[in-house]
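Here is the structure we will look at.
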Amino acid sequence: MEHPEWYRLDNTANLYPSVISRRNTTLFRISVHLHQPVHVDRLTRALQKMVPRFPYYQVHLRKGAFWYTLEENPRIPLPVIDSKSPCRYMPIKQRGVLPFRVRVFSRTMAVEFSHAITDGTGALIFTKSLLAAYHLVDLAPDSSEYKALYKEYSEDPEIFLFDQPPKEEEFKDAFLTYFDPTIPTPDQEKKVFHLPGRKLPIDQYRVITGDMPLKEVLSLAKSHNASLTEFLTAVYFDALQQIQEIVKADKVRGRWNPVSVMVPVNLRNILHSRSMRNFFLILNPLLDTRLGHYDLDEIIHKVHHFMQTQLDHRHLKQQISRNVKGVVNPLLRVSPLLLKNIGLKLIYRDFGESRFSGSLSNLGMAVLPPSLENIVKTLEFVPPPSTVLGVKCGALSYRGHLRLTFGSLLEETALERLVFSKLRSYGIPIQISGNWKGEE
Amino acid sequence: MPYCSYCGVEVDQDTNNCPLCGGNIPKEGPPPLLKGDYPRKEHQLYYKRRSFTSEERRTVLWFFSLLFSVPMTIVLVVDLLRDWAISWSLFAIVGIIGIWVGIAVGLFIRKAWLLMLLYSALILTVSLGINMLAGTFYLFLAWNMPIILMAAVLITPCALYAKFTSRKGFNVAGMIMWAIGLFCIGIDVLIGLNSETRQFLHGWSLIVAAALGPVGALLMYVHYRLGKTISFRRFFHA
């Protein structure tokens with residue numbers, strides 16, 4: 001299909017360009033750890049072939065009178081060297097700068113995306129497609145190996161091969177499909193507890209990853225009648241509750257609000273969409289710790305029932321309509337971008353991430369075709385830095401391993417330690433790695 | 001297969017320098033075993049802004065042409081309707097054409113020295129045009145031309161210094177302070193030359209220069225002496 005020369009940002013993405021800063025970079029990453037060192041020249045060739053297949057990512061951000069827009073950008077990204085701190089600032093508002101990059105170091109290749117163009121699921125599909133292109137690019141198209149691999153990859157619905165044209169539904173802002181102006185706006189959320197702590201210097205982002213056997217965590221979650229996300233969210237809540245109690249004991253003022261965790265939910269499977277742009281909603285289970293201490297079983301019970309209630313399509317549509325309503329409001333549409341930038345920053349500060357105490361984003365299970373499984377050792381999802389929350393958590397499962405990754409802008413590592421030690425106390429073996437090995 | 005010993009990545013047989021770090025690639029040797037998933041150093045990336053294409057520049061110029069044609073037509077029509085002659089509107093038209101040429105030069109000329117030269121010539125030409133229309137060519141010679149040339153002579157070293165200095169900061173502000181001081185002295189001398197009293201310096205310019213000179217020196221001192229020990233970026237970070 002003929003793709004447009006420019007795109008509107010999707011409903012969620014509209015917020016991000018206005019709130020980008022050196023700390024709040026809005027970048028998240030999917031890291032791929034290979035068995036062998038990355039072949040940079042081959043990766044460059046793979047990118048040259050593959051990136052035009054994703055025209056909605058091969059763009060740059062442009063300022064309009066009223067909104068930011070995405071305009072097509074002929075540039076192809078070159079792999080760049082990775083850094084100790086991932087997800088560092090990228091000037092995506094600069095003309096010609098692609099809103100994603102591919103970083104390489106030794107056996108690791110990582111794709112960092114700005115949330116202004118897509119979410120974790122879109123990034124995972126791109127990464128899988130890039131891996132397939134990386135595997136195919138140096139093979140002769142008429143060789144039997146190429147044909148066999150091509151057949152294998154084309155059977156995976158989450159791999160887009162470079163010679164297949166993009167489909168119309170991939171370009172779609174799926175939020176608009178489910179917008180209903182008649183649905184009433186949900187109630188305003190409460191003020192919540194935030195992790196205290198000093199921030200790391202600008203341009204530093206600490207990543208701590210715990211690698212654990214998926215089967216054991218799943219059976220543990222099942223024994224509590226919860227899904228994996230519900231169980232992990234409950235452990236996260238428990239750790240936050242414990243920190244809050246310590247903070248309360250220290251008599252720090254203004255810290256005694258309920259605890260809430262942001263749980264993004266991929267809407268593609270629920271609402272049957274193939275959009276490659278942002279299409280997720282945020283669930284915000286809340287634990288009113290002012291009422292007393294909760295043990296883990298109680299938390300799991302509460303989180304489970306909250307999730308079941310909120311995952312109802314009526315509730316989801318209510319949230320979608322609330323988000324879209326703001327954008328389709330005629331007064332807001334005609335207000336200049338300069339004013340919008342100020343307004344959106346305030347909205348983000350007061351009604352955005354500040355409504356949450358933490359964030360847990362589970363990308364689910366990544367499945368690769370057998371030939372790619374042979375070259376890929378582990379996959380990891382690093383959440384974007386957040387100045388409001390301080391710490392965010394991302395989860396991604398692959399080949400029987402669950403990798404729980406904390407990205408933090410705070411000096412203290414109390415939350416990470418508590419979550420991992422709680423999981424360890426249930427007998428789950430965890431292997432910890434990260435980018436921080438003390439002061440250097 | 002050749003490897004970069006710093007980045008730990010594999011490259012093509014004919015690659016001499018690592019595409020990531022630019023380092024030399026040894027032709028033989030086993031792959032280096034680098035520990036961990038992340039490098040131990042922070043690597044700063046540099047992004048190049050895409051410059052405007054010729055077509056985009058032309059579009060901007062068309063927009064300004066259209067925009068400026070509106071006031072030009074209005075002043076011309078009002079002048080004609082009021083006096084049945086083209087008189088005062090010419091001043092406005094010369095000014096608008098000057099601004100239009102300035103925008104065109106700024107859009108299409110990318111060399112800083114040529115831009116500087118052309119802007120000086122343009123300001124001189126517009127000024128000459130307005131004086132010729134007013135029949136005050138002598139004023140152009142006595143005031144406009146020396147002031148424009150003096151400004152150009154002082155702005156050029158400031159611009160060159162700002163462009164080529166390795167660390168920009170208070171030093172550029174200090175240089176501008178000195179240039180303003182010199183400009184004031186120049187204006188004072190010009191007033192003296194054009195007045196009947198023939199008194200070259202009237203004192204005020206010396207007071208300004210005496211104030212700005214030390215301020216400039218202080219800024220230079222802060223930049224070159226204190227700047228070595230204090231990170232201004234950190235100190236003034238908002």
Side-chain angles (χ1 to χ4, degrees), chain A residues 22 31-34 36-45 60 71 73-75 78-86 88-98 101-110 112 138 201-207 209 377-378 380 382 433-437 440, chain B residues 1-27 29-57 59-60 63 67 107 110 231-238:
Chain A
R22 281 207 81 88
S31 298
V32 184
H33 308 297
L34 305 179
Q36 294 294 320
V38 178
H39 192 303
V40 185
D41 290 319
R42 182 148 42 114
L43 182 62
T44 309
R45 288 190 284 276
H60 61 151
E71 192 182 60
N73 180 1
R75 284 184 180 176
L78 289 171
V80 286
I81 188 162
D82 202 3
S83 190
K84 184 178 168 186
S85 293
R88 288 175 73 189
Y89 178 70
M90 180 162 68
I92 66 159
K93 287 197 237 176
Q94 235 178 58
R95 200 171 47 245
V97 173
L98 288 159
R101 63 188 171 200
V102 178
R103 310 202 71 167
V104 178
F105 176 73
S106 190
R107 289 166 170 79
T108 304
M109 74 165 83
E112 292 183 345
D138 278 357
I202 287 178
D203 283 344
Q204 287 187 9
Y205 190 44
R206 192 186 49 247
V207 173
T209 302
K377 196 173 151 195
T378 53
E380 188 178 314
V382 182
S433 60
N435 64 341
W436 226 254
K437 293 180 180 74
E440 279 163 37
Chain B
M1 197 56 86
Y3 292 88
C4 171
S5 54
Y6 179 71
C7 307
V9 291
E10 204 179 329
V11 292
D12 280 347
Q13 284 288 356
D14 55 353
T15 302
N16 296 321
N17 293 88
C18 173
L20 300 179
C21 68
N24 282 330
I25 302 282
K27 283 294 160 204
L33 290 168
L34 301 179
K35 283 181 186 169
D37 299 330
Y38 294 92
R40 294 181 73 80
K41 276 187 190 170
E42 299 285 11
H43 290 111
Q44 187 72 44
L45 298 177
Y46 297 96
Y47 291 88
K48 201 174 170 195
R49 188 189 291 270
R50 176 177 70 73
S51 53
F52 283 117
T53 60
S54 304
E55 202 183 324
E56 283 170 339
R57 288 173 215 276
T59 310
V60 173
F63 168 76
L67 190 76
L107 280 170
R110 307 314 307 152
S231 164
F232 292 124
R233 214 177 138 192
R234 181 194 57 75
F235 191 74
F236 289 106
H237 170 67

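Numbers restart at 1 for each chain; the letters A, B, ... are given by sequence-line order, proteins then strands. Just so you know, these numbers use all the heavy atoms, side chains as well, and skip hydrogens, waters and symmetry mates.
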Report task. For residues Ser83(A) and Pro39(B), report the shortest heavy-atom separation together with the two atoms involved. Result -> O-CD, 3.5 Å
Report summary line: When rounded to the nearest 0.5 Å, the distance separating CD1 of Ile81(A) from SG of Cys7(B) is 3.5 Å
Query raised in the report: Are the charged groups of Asp37(B) and Lys377(A) less than 4.0 angstrom apart, N to O?
Result: no
Query - Minimum heavy-atom distance between Asp82(A) and His43(B), given as atom pair plus value - result: O-ND1, 2.8 Å
Query - Spacing of CD belonging to Gln13(B) relative to CG belonging to Asp41(A), to within rounding of 0.5 Å - result: 11.0 Å
Query raised in the report: Non-hydrogen atoms of chain A under 4.5 Å away: do they reach the side chain of Tyr6(B), the backbone, both or neither?
Result: both
Report summary line: Heavy-atom nearest pair, Pro37(A) first then Tyr3(B), reads CG-CE2, 3.7 Å
**Report entry** Note, Gln204(A) side chain near Glu42(B) side chain (heavy atom, < 4.5 Å)
**Finding:** yes
Query raised in the report: What distance separates Arg49(B) CZ from Lys93(A) NZ, expressed to the nearest 0.5 Å?
Result: 11.5 Å
Requested in this report: Flag the one option from Glu380(A), Arg42(A), Arg101(A) with the top tally of heavy-atom pairs under 4.5 Å to chain B.
Outcome: Arg101(A)
Requested in this report: Name the region of Ser85(A), side chain, backbone, both or neither, that has any atom closer than 4.5 Å to a heavy atom of chain B.
Outcome: both
Query - Closest non-hydrogen atom pair, Asp203(A) against Gln44(B) - result: OD2-OE1, 4.5 Å
**Report entry** Side chain, backbone, both or neither of His33(A) within contact of chain B (heavy atoms, under 4.5 Å)
**Finding:** side chain
Report summary line: Assert top hit (heavy-atom pairs under 4.5 Å, partner chain B, pool Arg88(A), Gln36(A), His60(A)) equals Arg88(A)
**Report entry** Heavy-atom proximity to chain B below 4.5 Å, by part of Val40(A)
**Finding:** both
